[in-house]
Student: 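Structure in structure tokens, see below.
All heavy atoms count here, side chains included; hydrogens, waters and symmetry mates do not.
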Amino acid sequence: MMSVGENLKKIREEKVGLRQEDVAKALGISTKAYSNIENNVADITLTRLKELADIFEVTPESILSHQEKATYNNTFNNYEGNHGIINMYQGSSSDQVKNLENQLKASQEKLEGLKASVRAKNN
């Protein structure tokens, strides 16, 4: 797992395309002070985390847990009736999402079978 400093650097370079100097100026601190944050020499405060999230136009959570692989992103109601909830994975292909939906459906069917088994034993 990457550190907060590594996450900041990756977001700054790859997603936003800013230099350390640009971010430092936006924060009103020296380039060295910002470099210390990215190099994990200086701890980041919640206030500074929020400021950086605003500058990078991301959520504070994405700075704390930035990953290249697909990650949990959202829940929303699903028309297929998965009890109204489906996990959406950022960066996943449609095949990966369909596979996850199939796994969820199989798990739900297994759960229903187990519930039926328990009901039968209790009767």
Student: Could you pull out all residues at least two apart from Lys115 that satisfy salt bridge (charged side-chain N to carboxylate O under 4.0 Å, His left out)?
Tutor: Glu112
Student: Donor-acceptor pairs are to be reported for all side-chain atoms of residues 23-33 against protein atoms at under 3.5 Å, with residues two or more places apart or in another chain.
Tutor:
from	atom 1	to	atom 2	distance (Å)
Ser30	OG	Ala33	N	2.9

Student: For Thr47, give me all partners under side-chain contact (heavy atoms from CB on, under 4.5 Å), at least two apart in sequence or on another chain.
Tutor: Thr45, Glu51
Student: Going by the rule side-chain contact (heavy atoms from CB on, under 4.5 Å), which residues pair with Asp54 if we only count those two or more places apart in sequence or in a different chain?
Tutor: Lys50
Student: Would Leu8 and Ile44 count as a side chain to side chain contact (heavy atoms under 4.5 Å, CB included) here? Give the steps.
Tutor: CA-CA 11 Å; Leu8 285 169; Ile44 187 169; 4.2 Å; yes
Student: Quick check for you: to the nearest 0.5 Å, what is the distance between Glu38 atom CD and Lys10 atom NZ?
Tutor: 12.0 Å
Student: Would you please test Val4 and Ile63 for side chain to side chain contact (heavy atoms under 4.5 Å, CB included) and show each step?
Tutor: CA-CA 7 Å; Val4 172; Ile63 292 172; 4.2 Å; yes
Student: Partners of Ser117 by side-chain contact (heavy atoms from CB on, under 4.5 Å), sequence neighbours excluded?
Tutor: Lys121
Student: Asn40: what forms a side-chain contact (heavy atoms from CB on, under 4.5 Å) with it, not counting sequence neighbours?
Tutor: Ser3
Student: Carefully, step by step, assess Leu52 and Ile11 under the rule side chain to side chain contact (heavy atoms under 4.5 Å, CB included).
Tutor: CA-CA 10 Å; Leu52 287 163; Ile11 293 168; over 6 Å; no
Student: Rounded to the nearest 0.5 Å, what separates atom OG in Ser62 from atom CG in Asn7?
Tutor: 8.5 Å
Student: Between Leu64 and Leu49, is there a side-chain heavy-atom distance shorter than 4.5 Å?
Tutor: yes
